[in-house]
Undergrad: 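My structure is below; once you've seen it, I'll send some questions.
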Amino acid sequence: MTNAEISKLFRHVAAAYAVKDEKKHYFQIVAYQRAADIIEASPAEMRDLFKEGKLQTVPGIGPSIKTHLEELITTGKVKHFDQVMNAVPQAMFPLLDIPSFGPKKAFKLVTIFHLQNQESVIEDIEKLALDNKIAQLEGFGEKSQNDILQAISEYKTGTTKSARMVLPFAAELADQMITYMKLCAKVNTIYPLGSLRRMVATIGDVDLAVASGDPKAVIEHFTAYPNKERVIEQGPATASILMSGGKHVDLMVQPPDRFGSLLQHFTGSKQHNIHLREVALKKNLSLSEYGIKEKGSEEKGKFDTEEKFYRALGMVWIPPEIREDTGEIELALKNNLPNLVELEDIQGDFHIHSNFAIEPSHDLGRNTIEEMVQKALKLKYTSIGFSEHNPSVSKHSSKETYDLVAQRNEALEKVQQKFKKIKIFKLMETDILANGKIGLDEKSLSILDATIVSIHSSFGMSKNEMTKRVIAGLSHPKAKILAHPTGRLLNQRPGYELDWDILFPFCKEHNKALEINAFPARLDLPDSLVRKAVEYGIKFFINTDSHAAAHMDLMRFGVSVARRGWATKHDILNAMEYNKLEQWFKQ
DNA sequence: GCCGTTTTCGGCCCGACTGTTTTCAGTCG
């Protein structure tokens, strides 16, 4: 049972409670929805946490839900859930997947029309709407009948709720909209907010906030966007449009003197905001996008900046990347937040593929060594590490491999002679083969400063085997960095499994670094694991894995992952002076 | 059902928008 399945089941339980008696079960409903949100977003599978006895460490999971989860994971079902859900018609549940269908509407329709078949219920509702049977019901009308048809049609064609976007894709969509919105003279300021501002690895919808003295004009301009599918909703302060591909763009507008509270509200996360508002309540304050009001008063205090907004709650400003309600509010109250690493701290990039013809088993870069160095200089780096893939093991003798590595080194030295302002490190990205050996022999390794190691084959191994394999590879004294540690490709493959409780202590003890791969389809190590590794005291390289000079600009995405993992400058090795780094490689 | 340096009992974020309604329920974020 996956997190997604558990989350869906919890939402169904909440829906069943809502139908049964919403008032009586209100806080159970909220609790199950909150647990569903948290489990859905959790990078760790609940079944793994169960095996490790760590279910109670998940926020939102208390004694009762924990017991139910244990029953669910061991037996595949929960008696209590069955009881709750069997009290309502089963046919209502498939309808909940369709946007605009909640528990009440789904229950009402399947009850009135005696629908019992879960397989056909969506088609059944569609047919009833087409036959004009729904418009006559109390509480429904012509418009809502048409809305139902539209929602079902969009659901069936996959127009809605499609896969989440990787960051640059969402950023580009946001940029397009921002460019368009700036054509409206009434737009003072506009920012992308929500998960895009928090730099979450994948983005659902694009959220935009505008400061303007004329919200009406701004909203009208927004909903007139020519490349939209349709307007979803439109009010005096907010609007939402559907884009081709099923993405929503949500807009909120406030006057400039309330823009700080809008930024705070719309950046989220939801759990961060809820917690912040609970903290505020204890101070007799109530928060919203309009500002802060004292309990009992109608007057809402105005905040033009986020800093002032947080200060009014007795805390320091919290960087958006860590607004996930994982302890940041408590530390902000004590003015004790970590000093997160910044892009400007980065002094070099150590996972760089040039087009040097090294005859690798994987891909070559597109630019020359010199072009990559020039790009590094433009980025004001003081060091760079070249790490082409090792020459393919199957196609070369040991001597041929050595000659290729030596030739690559000579090429690096030539460029080093020409550019004295930057230190060039001689690295390589070496495969950890299925048997745990690495794809270079001692002689070749001896002429490198160090090697990055990584997995590019035999992904299907068990967690145990893979952990042993990675540790075997990392055990060579020259193997200093584990690249893209989980092997995940966002929206493509989940990555292999590793036992972090073994790997993290190993890295700490043997002074091995983990890579935070900045390539947007990877963002690997994932942020939540970065956080754990930081707690272990492990060091990182943030690398772009560039296969072209232009890729080196992607560093900021890796820095965001590090920030989301609460890493400071001192956790990041490529934020160090190169001479210190040279020492580190020799350790 | 969860949660706790003001609580192990008694609280639980706050608001937008829509359609069908003459004041609100439902859905969403």
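Being a predicted model, the structure only gives us computed values, none of them experimental. Both backbone and side-chain heavy atoms feed into the values below; hydrogens, waters and symmetry mates do not. Labels below follow one simple rule: chain letters A, B, ... track the order of the sequence lines, proteins then strands, and each chain is numbered from 1.
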Undergrad: Do the non-hydrogen side-chain atoms of A:Ile292 and A:Leu313 ever get within less than 4.5 Å of each other?
TA: yes
Undergrad: Stacking check: are the rings of A:Phe101 and B:dT27 less than 5.5 Å apart at their centres and under 30 degrees in tilt?
TA: no
Undergrad: Given the P atoms of B:dG4 and B:dC13, what is the spacing between them in whole Å?
TA: 14 Å
Undergrad: Measure the distance from CG on A:Leu251 to P on B:dG15 and round it to the nearest whole Å.
TA: 20 Å
Undergrad: Looking at A:His80, does any N or O in its side chain come under 4.0 Å of the phosphate oxygens OP1/OP2 on B:dG1?
TA: yes
Undergrad: May I have the distance from A:Lys24 (atom NZ) to B:dG1 (atom P), rounded to whole angstrom?
TA: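 These atoms are roughly 11 Å apart.
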Undergrad: Among B:dC2, B:dT7, B:dC12, find the nucleotide with the atom closest to the side chain of A:Glu278.
TA: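 Nearest nucleotide to the side chain: B:dC12.
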Undergrad: Given B:dG15, B:dT6, B:dG19, which nucleotide is nearest the side-chain atoms of A:Lys282?
TA: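 Looking only at side-chain atoms, A:Lys282 lies closest to B:dT6.
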Undergrad: Does B:dC13 have its OP1 or OP2 closer than 4.0 Å to a side-chain nitrogen or oxygen of A:Ser286?
TA: no
Undergrad: Take A:His265 and A:Ser64, find for each the nucleotide of DNA chain B with the closest heavy atom, and name the residue whose nucleotide sits nearer the 5' end.
TA: A:Ser64
Undergrad: Please work out if A:Gln28 contacts a base, only the sugar-phosphate, or nothing of the nucleic acid, heavy-atom cut-off 4.0 Å.
TA: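 If one applies the 4.0 Å heavy-atom cut-off, A:Gln28 turns out to touch a base.
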Undergrad: How close do A:Leu529 and A:Phe504 get, counting heavy atoms only, and between which atoms?
TA: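 That closest heavy-atom pairing would be O-CZ, 3.7 Å.
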Undergrad: Given B:dG1, B:dC17, B:dC12, which nucleotide is nearest the side-chain atoms of A:Ala31?
TA: B:dG1
Undergrad: Decide yes or no for A:Lys569 and A:Glu342: does some side-chain heavy atom of the first lie under 4.5 Å from some side-chain heavy atom of the second?
TA: no
Undergrad: Just to confirm, is there a sub-4.0 Å distance from OP1 or OP2 of B:dG19 to any side-chain nitrogen or oxygen of A:Lys143?
TA: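 For A:Lys143, the contact criterion (side-chain N or O under 4.0 Å from OP1 or OP2 of B:dG19) is met.
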Undergrad: Which glycosidic conformation, syn or anti, is assigned to B:dT7 if syn requires a torsion within 90° of zero?
TA: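 Nucleotide B:dT7 adopts syn.
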Undergrad: For a quick check of understanding: with a heavy-atom distance under 4.0 Å over all strands, which category does A:Asp147 fall into, base, sugar-phosphate or nothing?
TA: sugar-phosphate
Undergrad: Can you check the distance between B:dT7 and B:dC2, where both ends of the measurement are the C1' atom (answer in whole Å)?
TA: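 The answer is 14 Å between these two C1' atoms.
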Undergrad: Give none if B:dT8 has no partner; otherwise give the nucleotide forming a Watson-Crick or G-U wobble pair with it, both distances under 3.5 Å.
TA: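 Base partner found: none.
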Undergrad: Can you tell me, in whole Å, how much space there is between the C1' of B:dG1 and that of B:dT8?
TA: 15 Å
Undergrad: Quick one: on DNA chain B, does A:Ala239 or A:Glu22 contact a more 5' nucleotide (nearest heavy atom)?
TA: A:Ala239
Undergrad: Just checking A:Glu142: base, sugar-phosphate only, or nothing, at a heavy-atom cut-off of under 4.0 Å?
TA: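 It contacts sugar-phosphate atoms only.
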Undergrad: Base, sugar-phosphate, or nothing for A:Ala237, non-hydrogen atoms under 4.0 angstrom?
TA: sugar-phosphate
Undergrad: Are any of A:Tyr290's side-chain N or O atoms less than 4.0 Å away from OP1 or OP2 of B:dA16?
TA: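 Answer is yes, contact under 4.0 Å.
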Undergrad: Measure from the side chain of A:Pro99, starting at C-beta and using heavy atoms only, and say which of B:dG1, B:dC12, B:dC28 lies closest.
TA: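 The closest nucleotide is B:dC28.
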Undergrad: Quick check: do A:Thr267 and A:Tyr191 have side-chain heavy atoms less than 4.5 Å from each other?
TA: no
Undergrad: Could you check whether the rings of A:His221 and A:Tyr180 sit parallel, tilted or perpendicular, using 30° and 60° as the cut-offs?
TA: parallel
Undergrad: Please report the distance, rounded to the nearest Å, between CG in A:Leu313 and P in B:dC13.
TA: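 The answer, rounded to whole Å, is 15 Å.
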Undergrad: Given B:dT27, is OP1 or OP2 found less than 4.0 Å from the side-chain N or O atoms of A:Ser100?
TA: no
Undergrad: Pick the C1' atom in B:dC14 and in B:dC9, then give their distance to the nearest Å.
TA: 25 Å
Undergrad: Which of the following nucleotides, B:dT27, B:dT20, B:dG29, is nearest to the side chain of A:His248?
TA: B:dG29
Undergrad: What distance, rounded to whole Å, do you find between the two C1' atoms, one in B:dT21 and one in B:dG26?
TA: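 Comparing C1' positions in B:dT21 and B:dG26 gives a spacing of 13 Å.
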Undergrad: Do you know which of A:Arg563, A:Arg197, A:Arg198 makes side-chain hydrogen bond (donor to acceptor under 3.5 Å, both in side chains) with A:Glu321?
TA: A:Arg563
Undergrad: Do the side-chain N or O atoms of A:Thr238 get closer than 4.0 angstrom to the phosphate oxygens (OP1, OP2) of B:dC17?
TA: yes
Undergrad: Applying a 4.0 Å non-hydrogen cut-off, can you work out what A:Ile232 is touching in the nucleic acid: base, sugar-phosphate, or nothing?
TA: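 Since no nucleic acid heavy atom lies under 4.0 Å of A:Ile232, the category is nothing.
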Undergrad: What's the closest nucleotide to the A:Lys105 side chain, out of B:dG26, B:dG15, B:dC17?
TA: B:dG26
Undergrad: Write down the distance separating the P atoms in B:dC28 and B:dT23, rounded off to the nearest Å.
TA: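 Each nucleotide's P atom is 26 Å from the other's.
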Undergrad: When you get a sec, tell me which of B:dG15, B:dG19, B:dT6 is the closest nucleotide to the side chain of A:Ser288?
TA: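 The listed nucleotide nearest to A:Ser288's side chain is B:dG15.
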Undergrad: Rounding to an integer number of angstrom, what distance separates B:dT27 and B:dT20 when you compare their C1' atoms?
TA: 15 Å
Undergrad: Considering only side-chain heavy atoms of A:Phe27, which listed nucleotide, B:dC12, B:dC13, B:dT27, is closest?
TA: B:dC12
Undergrad: Quick check for you: among B:dG15, B:dC13, B:dC2, whose closest atom lies nearest to any side-chain atom of A:Arg277?
TA: B:dC13
Undergrad: Describe, in one word, how the ring planes of A:His68 and A:Tyr32 are oriented to each other, choosing from parallel (under 30°), tilted (30 to 60°) and perpendicular (over 60°).
TA: parallel
Undergrad: Roughly how far apart, to the nearest Å, are B:dT6 and B:dG11 at atom C1'?
TA: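 Those two atoms are separated by 13 Å.
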Undergrad: Let's see if you can work this out: which of B:dC2, B:dT18, B:dG15 has an atom nearest to the side-chain heavy atoms of A:Glu289?
TA: B:dG15
Undergrad: Please find the pair of heavy atoms, one from A:Ser528 and one from A:Pro43, that lie closest to each other, and give the distance.
TA: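 Between these two residues, the closest heavy atoms are OG-CG, 2.8 Å.
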